[in-house]
Amino acid sequence: MYIGIDYSINSPAICVLQNNRIDFISVARQGKGSGKIFEVLRDFNVIVSSTESLKNSTILLDSSRESTLDALSLAQKCVQEIINTTEKNDPTTNIVAIEGFSFGSTGNRLAQISGYQYVLRMNILAHIISPMHIENLWIFAPATVKSTAGAAGRGKGKEDMIEAFLTHEDPLPFLHQHPFFIELKNHPETFQTKKGKFIKPVDDIIDSYWILKTYFKKTS
C-alpha cells in the first residue's frame with residue numbers, strides 16, 4: 001500500500017494507492033469547505049471525514065491543552081481512515097510519503113504544524129509502518145512536490161497543480177477511472193465557486209496525489 005499525505009491543521013488530505021484502486025480521503029474541518037462541497041465530494045467517491053473546528057482559547061494554558069488533544073485526535077482520525085480503506089495493512093511493506101515544511105519557515109505557526117505532524121508520524125509508526133522499517137517513511141519538501149507537478153517557480157500555485165493533475169503524462173494507476181478525476185476533468189465547475197475558484201479541500205486532495213507521485217518519481 002502506498003500513501004501520500006498532505007497534512008495540515010485544518011484540511012488534511014490523503015491519497016492511497018493499492019493493488020486495484022486509488023482512493024482519496026479528506027479530513028477537512030467543518031466550515032473549511034463552501035456550501036455542499038463535502039456532499040459533492042462524497043458523490044464522486046472521495047472519502048470525507050470532516051472534523052469539528054479547533055477551539056481558540058485566549059488563555060495560553062487552555063489553548064495548549066486543547067491543541068494537544070486536537071493534534072492527537074486529528075492524527076488518529078487520519079490513520080484510522082487510511083486503515084479503513086486498506087485491503088491489507090502490512091506495516092512491513094506500507095509506504096508513506098508526507099510533505100514536510102518549507103525551507104526557512106519560522107514562527108509560532110510553524111511550531112504548531114510541526115507538533116501536529118510529529119504526532120501524526122508517531123501514529124503512523126504505531127499503526128501503518130513498523131519502526132523497524134522507518135525507511136518506508138518519506139518526507140518531501142514542498143518545492144520538490146511542486147516541481148513534480150511542474151508548478152514550481154514564481155507565479156505558479158494551486159491552480160497550476162490542479163491543471164497538471166488533469167493533464168500530466170504517466171498518471172498513477174487507476175487515476176483516470178476514479179469518479180473524482182472524471183468529474184473534475186469534464187465538469188470542473190462542480191468543484192468551483194461561481195467565480196471559477198476551486199473550493200477547499202479540492203486543492204489539498206490533489207496535493208496529496210502529487211506527494212505520492214513524488215515518491216514514485218524519486219524512487220523509479
Side-chain angles (χ1 to χ4, degrees), residues 1-17 22-29 32 67 70-71 74-75 77-79 81-82 91 93-131 133-173 175 198 200-220:
M1 178 170 64
Y2 301 91
I3 305 147
I5 304 176
D6 179 47
Y7 203 62
S8 65
I9 294 171
N10 289 316
S11 187
I14 304 161
C15 178
V16 180
L17 179 64
I22 191 168
D23 290 298
F24 295 105
I25 303 169
S26 170
V27 195
R29 293 187 189 275
K32 285 300 169 184
S67 61
D70 184 71
L74 187 63
K77 177 169 279 193
C78 288
V79 166
E81 290 298 335
I82 292 169
T93 61
N94 292 334
I95 302 290
V96 176
I98 305 174
E99 185 176 71
F101 314 116
S102 298
F103 179 76
S105 296
T106 58
N108 291 337
R109 189 62 174 175
L110 175 64
Q112 187 180 31
I113 184 57
S114 298
Y116 269 73
Q117 191 177 115
Y118 276 99
V119 173
L120 173 70
R121 295 183 195 185
M122 179 190 73
N123 275 269
I124 287 171
L125 292 178
H127 302 287
I128 305 293
I129 294 177
S130 165
H133 295 272
I134 189 66
E135 69 276 6
N136 289 339
L137 177 64
W138 293 74
I139 314 295
F140 296 110
T144 301
V145 176
K146 289 182 175 67
S147 179
T148 299
R154 185 174 297 176
K156 293 190 174 182
K158 296 291 187 181
E159 295 283 341
D160 299 283
M161 295 187 76
I162 294 171
E163 178 62 26
F165 175 75
L166 297 173
T167 60
H168 70 291
E169 298 179 358
D170 192 26
L172 293 181
L175 176 65
F198 283 101
K200 269 196 170 299
V202 170
D203 59 330
D204 304 302
I205 294 167
I206 290 172
D207 283 353
S208 72
Y209 170 87
W210 283 118
I211 292 164
L212 186 54
K213 180 70 174 170
T214 299
Y215 162 78
F216 284 101
K217 179 182 178 181
K218 293 298 180 181
T219 59
S220 61

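Values below: every heavy atom of this structure, side chains too, minus hydrogens, waters and symmetry copies. What you see is a predicted model; the values in this text were computed from it and never measured.
Side-chain contact between Lys158 and Val202 is absent, with no heavy-atom pair separated by less than 4.5 Å. Looking only at side-chain heavy atoms (C-beta outward), Asn94 and Asn136 stay at 4.5 Å or farther from each other. The closest side-chain heavy-atom distance from Leu74 to Val27 is below 4.5 Å. Side-chain atoms of Ile25 and Val16, non-hydrogen and from C-beta on, do get closer than 4.5 Å to each other. Two residues are said to be in side-chain contact when any heavy atoms from C-beta on lie closer than 4.5 Å; Ser11 and Asp204 meet this criterion. The shortest distance between side-chain heavy atoms of Leu172 and Tyr209 falls below 4.5 Å. Inter-residue side-chain proximity for Lys218 and Phe140 is flagged as met; some heavy-atom pair is nearer than 4.5 Å. Taking 4.5 Å as the limit, some side-chain heavy atom of Ile128 sits within range of a side-chain heavy atom of Val79.
Residues Pro173 and Leu17 come closest through the heavy atom pair O-CD1, 3.6 Å. Contact detail for Tyr116 and Ser67: the closest heavy-atom pair is OH-O, 3.5 Å. Scanning both residues, Ile124 and Ile98, for their nearest heavy atoms gives CD1-CD1, 3.8 Å. When every heavy atom of Cys78 is checked against every heavy atom of Tyr7, the shortest pair comes out as SG-CE1, 3.7 Å. Contact record, Ile139 with Gly100: CG2-CA, 3.7 Å, taken as the closest heavy-atom pair. Of all heavy-atom pairs between Ser208 and Ala13, the closest is CB-O, 3.5 Å.
Ion pairing between Asp70 and Lys77 fails under the 4.0 Å rule for side-chain N and carboxylate O.
The closest donor-acceptor contact from the side chain of Lys156 to the backbone of Gly150 lies under 3.5 Å. Not a single donor-acceptor pair under 3.5 Å links the side chain of Trp210 to the backbone N or O of Thr148. Without hydrogens or angle criteria, His168 side chain to Phe165 main chain gives a donor-acceptor distance under 3.5 Å. Judged by distance alone, with hydrogens and angles left aside, the side-chain atoms of Glu81 form no donor-acceptor pair with the main-chain N or O of Ser26 at under 3.5 Å. Checking side-chain atoms of His127 against main-chain N and O of Asn123 turns up no donor-acceptor pair under 3.5 Å. Using a distance-only test at 3.5 Å, with no hydrogens or angles considered, no donor-acceptor pair links the side chain of Ser147 to the main chain of Ala143.
Expressed to the nearest 0.5 Å, how far CD1 of Ile22 lies from CG of Leu175 amounts to 5.5 Å. Taking CD1 from Ile113 and OG from Ser8, the interatomic distance works out to 6.0 Å, rounded to the nearest 0.5 Å. The distance from atom CD1 of Ile205 to atom NZ of Lys200, rounded to the nearest 0.5 Å, is 10.0 Å.
Aromatic rings of Phe216 and Tyr2 (six-membered ring for Trp) have centroids within the 6.0 Å cut-off, being under it.
Between Ile3 and the options Ile129, Leu212, Ile95, Ile14, a side-chain contact (heavy atoms from CB on, under 4.5 Å) holds for only Ile14. When each of Asp207, Thr214, Asp6 is paired with Val145, the side-chain contact (heavy atoms from CB on, under 4.5 Å) condition holds for Thr214 and for no other.
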Practice task
Could you check Val96 against Trp138 for side chain to side chain contact (heavy atoms under 4.5 Å, CB included), going step by step and ending with a plain yes or no?
Solution key: CA-CA 6 Å; Val96 176; Trp138 293 74; over 6 Å; no
Practice task
Walk me through it: do Asp170 and Lys213 pass the test salt bridge (Lys or Arg N to Asp or Glu O under 4.0 Å)?
Solution key: CA-CA 10 Å; Asp170 192 26; Lys213 180 70 174 170; 3.7 Å; yes
